[in-house]
Structures are given as structure tokens and as C-alpha cells.
Undergrad: 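Provided herewith is a single structure, encoded as C-alpha cells, for subsequent inquiry.
We count ligands from 1, going down the list as the structure has it; atoms in each ligand are counted the same way. Numbers for residues simply follow the sequence, beginning at 1.
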Amino acid sequence: MNTKILEIDKNSLKLSKEIIEDAGAVAFPTETVYGLGANAFNTSAVENIFKIKGRPNDNPLIVHVHKDYDLNTLVDYVPDYAVRLAKAFLPGPLTMVYKSKGKVSSAVSCGLDTLAVRIPSHNGAQTFLKYLDLPIAAPSANVSKHVSPTSAEHVFNDLNGKIELILDGGKCSGGIESTVLDCTGEIPVVLRSGLVTREMIEKVAGFCTEYAYKEGVAARSPGMKYKHYSPACRTGLYAYNERQLAINEYNAEHGKGVNVYIMCDGKTAKEIGVDHILNLGFTENEIAANLYSKLREGEKVAELIIAIAPEKQDGVMAGVMNRLKKACGSNL
Ligand code: AMP
Ligand code: MG
């Protein structure tokens, strides 16, 4: 199969509709990362996504809809705080989990009685979803466990030959996956941190807690138990206040002839002044937007990436830390 990369226009939309209606999958841009979308009503289309990615079949998918889609057709109970949150943050990088009406294929939520729904703000995503006017089940458009894609080229590098079409909407501005928020209880619970932060949710809803996954206990968000976002090379991760240890390891590995890079924010990069740097940028949003492209750039040039955690750990950096820990297989 030849994989085409096309800008979003009349012709590519028409082609994407043919593919989706034929139970196929299309990669499309969102403001967080690129998604691999299929018709959520069609079980074989949804199962095909798991196959293409090599995704474990107990890790449920998020359904994407356009901003005028009537959510009441898909989910049952939307609490007051969820209505306020939707007003404040949607369309945007916030996925909300509700009680499902069971209208989409049960393969989407892997048999759970809940459904995760997202309304992306990216213009291209909205155009694509509006044109199809269907709920589109979509995980990130990467091979399972690899780094999520933030450009059409990243998708191509992972899925060339496995899908027919990648809709190109440029580089994703957000860079890390959406916040996943459980809205099935009295209090919203963050299942996965992202650009809509716990602090932002608390301000609007009045309350919000964060779910901590414990090994050996059934995960409320099954994706949490899997290794994720990993580059192909070896990795290490040091806390900000242990950055001298990162520099020591860099020097030791460099001395052994290992091609090693340090990944850190712009301010830290200036301070430590080593030659091989993957610089994530200065602001919180820059760091989130660059994280995956720097991991993908790093795996091409380095045998070892040593990451130094950002000094700040709350807000958007909570999401960045979550991804960094998973990318580096670290419990830091
Ligand atoms: P990805 O598609 O790779 O962005 O991952 C989707 C994330 O959403 C995973 O962490 C899933 O576990 C989570 N998710 C999807 N559907 C549900 C659901 N119904 N309940 C809880 N978490 C969900
Ligand atoms: Mg993913």
C-alpha cells in the first residue's frame, strides 16, 4: 500500500470519506498529536486500528467529534461540572469520560461501560470531523509504545505502507496528548495529565483529584499501565536537582565513545554547556510542543539520551513529566 500525505482540501476530504466509509483508517492532525481515525460505529474498522498500531486490546480509544455533534446521542449522563468544563475548555485538548449509551462499537472502549470523548480545536481536525459527521475513534498515529507523532512526517515514518492517507495539518501546537478526565463521578478525576491542567480544571469545577495508578491494581485508565512514548535508543532521566549526575554520566559515556545527548529545557542547556544538546525550549508550552519531535530527532542521532527533568513540576509540566518518565522507563 502506498501512503499518501495530502493537505486538507476538497479532494483529500473526499478520499478520506471513502476510506473511512470502507472501514479503513486515516491519519489526521489535532492540536495535541496526530490521530489515526476510524468509524467508531464499525467494529472491524476499530479493530483494524489496534492491528495497524500493534496496540494492546485492553487499551480503549478516544472518540473524536466536531463541535456541533450532539453528544447526547453517544453518552448518558453529563454532570453539571462537566457542562461548565466543556464551556471553558472545548474545543480543546481535554478528553472527557462519560457513561456510554453503547451506540458506538464496544471495541472502542474495550468493553468498558464508559466512553472517552474529545472535541479537538485544530481547524483541520474540525474540518475533517465535520465533513464525515461521524464519531471517529482515534488513538495517536504511531506504532504502539513509540513516541507520539506531532507532524505528518512522524506519522509517515511509523505507518508508511500500513495506511492509505495522512492528512497534513502541519506541526501540532500542543505536542502532548490530551488531558483525560473521568466525569462519571461526583468529582472530576484526572486520569492522564495534559495541557488542560488539574489546576485549570479545579478553578472551573471547584474540585478535581488526580488518579494515581498502582501496579497490580486494575487501572481506571488502562493506558496507564503500558510503556509508552519510547524512542528507539537507550534513555536515562535525572531530577533537576541531580543534573550534575546527568552531566557526569554524559561525560563518562562520551569518554567511552558513546554518542550521547542531553535533553533539557533551554535555561538548563545554557547552564550546563555540553556539546550534544536536545533543547526543548524555554516556556512550558514550548517544552510540551517540542518534547516528541526532540525524542524522535534524538533517536536518529543518539545511542543514549539523558534527560534532565524540568525544575517546575506542576501545571503543564506535570504532563511533560508523565511523558518523560514513560519515555525513559523511569520511576523518578
Ligand atoms: P491514546 O489513544 O494513545 O491517546 O490513549 C488514550 C487514553 O485514553 C488511554 O490512556 C486510555 O486508557 C484512555 N481512555 C480511553 N477511553 C477510556 C475510558 N473509557 N475510560 C478511561 N480511560 C480511557
Ligand atoms: Mg498513544
Side-chain angles (χ1 to χ4, degrees), residues 25 27-38 40 46 48-50 52-65 71 74-78 82 93-120 125 135-150 154-155 158-159 172 174-185 188-196 210-213 217-231 288 291-292 295-296 319 322-323 325-327:
F28 65 101
T30 80
E31 70 278 19
T32 59
V33 303
Y34 274 68
L36 180 63
V46 175
N48 192 28
I49 284 191
F50 285 84
I52 292 170
K53 284 188 53 121
R55 184 178 175 99
N57 63 6
D58 65 348
N59 189 7
L61 306 180
I62 295 168
V63 153
H64 295 65
V65 293
L71 269 187
L74 300 181
V75 296
D76 219 7
Y77 171 64
V78 179
L94 174 67
T95 295
M96 296 165 86
V97 177
Y98 301 112
K99 282 269 168 261
S100 176
K101 272 196 169 142
K103 298 289 186 224
V104 300
S105 162
S106 64
V108 172
S109 293
C110 304
L112 297 173
D113 61 359
T114 53
L115 185 66
V117 185
R118 178 156 128 70
I119 306 173
I136 295 295
S140 49
N142 52 284
V143 169
S144 189
K145 301 187 180 62
H146 192 213
V147 181
S148 298
T150 54
H154 292 166
V155 181
D158 273 28
L159 301 181
C172 302
I176 57 173
E177 299 80 358
S178 60
T179 307
V180 177
L181 189 69
D182 186 335
C183 298
T184 59
V189 183
V190 174
L191 300 179
R192 176 175 73 187
S193 48
L195 294 176
V196 176
E210 202 147 353
Y211 176 69
Y213 167 64
V217 180
R220 231 160 116 176
S221 183
M224 307 193 66
K225 64 182 187 221
Y226 291 111
K227 190 168 156 58
H228 260 118
Y229 324 122
S230 307
L291 179 65
Y292 289 147
L295 283 170
R296 281 182 179 255
N322 164 278
R323 304 329 188 262
K325 284 186 201 170
K326 289 205 168 153

Undergrad: Ligand 1 versus Thr95, non-hydrogen atoms closer than 4.0 Å: side chain, backbone, both, neither?
TA: neither

Undergrad: So that I can tick it off, tell me whether Glu31 and Arg118 are bridged by a salt bridge, with the cut-off set at under 4.0 angstrom between side-chain N and carboxylate O.
TA: yes

Undergrad: Arg192 versus ligand 1: do any nitrogen or oxygen atoms come within less than 3.5 Å of each other?
TA: yes

Undergrad: With atoms numbered from 1 as shown, which atoms in ligand 1 lie under 4.0 angstrom from a non-hydrogen atom of Asn59?
TA: 9 (C), 11 (C), 12 (O)

Undergrad: Do we see a donor-acceptor contact under 3.5 Å between the side chains of Ser140 and Glu177?
TA: no

Undergrad: Run the numbers for me: atoms of ligand 1, each under 4.0 Å from some heavy atom of Ser140, listed by number.
TA: 2 (O), 3 (O)

Undergrad: Using a 4.0 Å heavy-atom threshold (strictly under), name the region of Arg55 that reaches ligand 1: side chain, backbone, both or neither.
TA: side chain

Undergrad: Are the charged groups of Asp158 and Arg296 less than 4.0 angstrom apart, N to O?
TA: yes

Undergrad: If we ignore angles and hydrogens, is there a donor and acceptor under 3.5 Å between the side chains of Ser178 and Arg192?
TA: yes

Undergrad: Has Ser140 got an N, O or S atom lying less than 2.8 Å from the Mg ion (ligand 2)?
TA: yes

Undergrad: Looking only at atom types and distance, does a side-chain atom of Thr179 sit under 3.5 Å from a main-chain N or O of Val196, one as donor and one as acceptor?
TA: yes

Undergrad: Tell me which part of Thr114 gets within contact of ligand 1: side chain, backbone, both or neither, using heavy atoms under 4.0 Å.
TA: both

Undergrad: Flag the pair Tyr229 / Tyr292 as yes when their ring centroid distance falls below 6.0 Å, and as no otherwise.
TA: yes

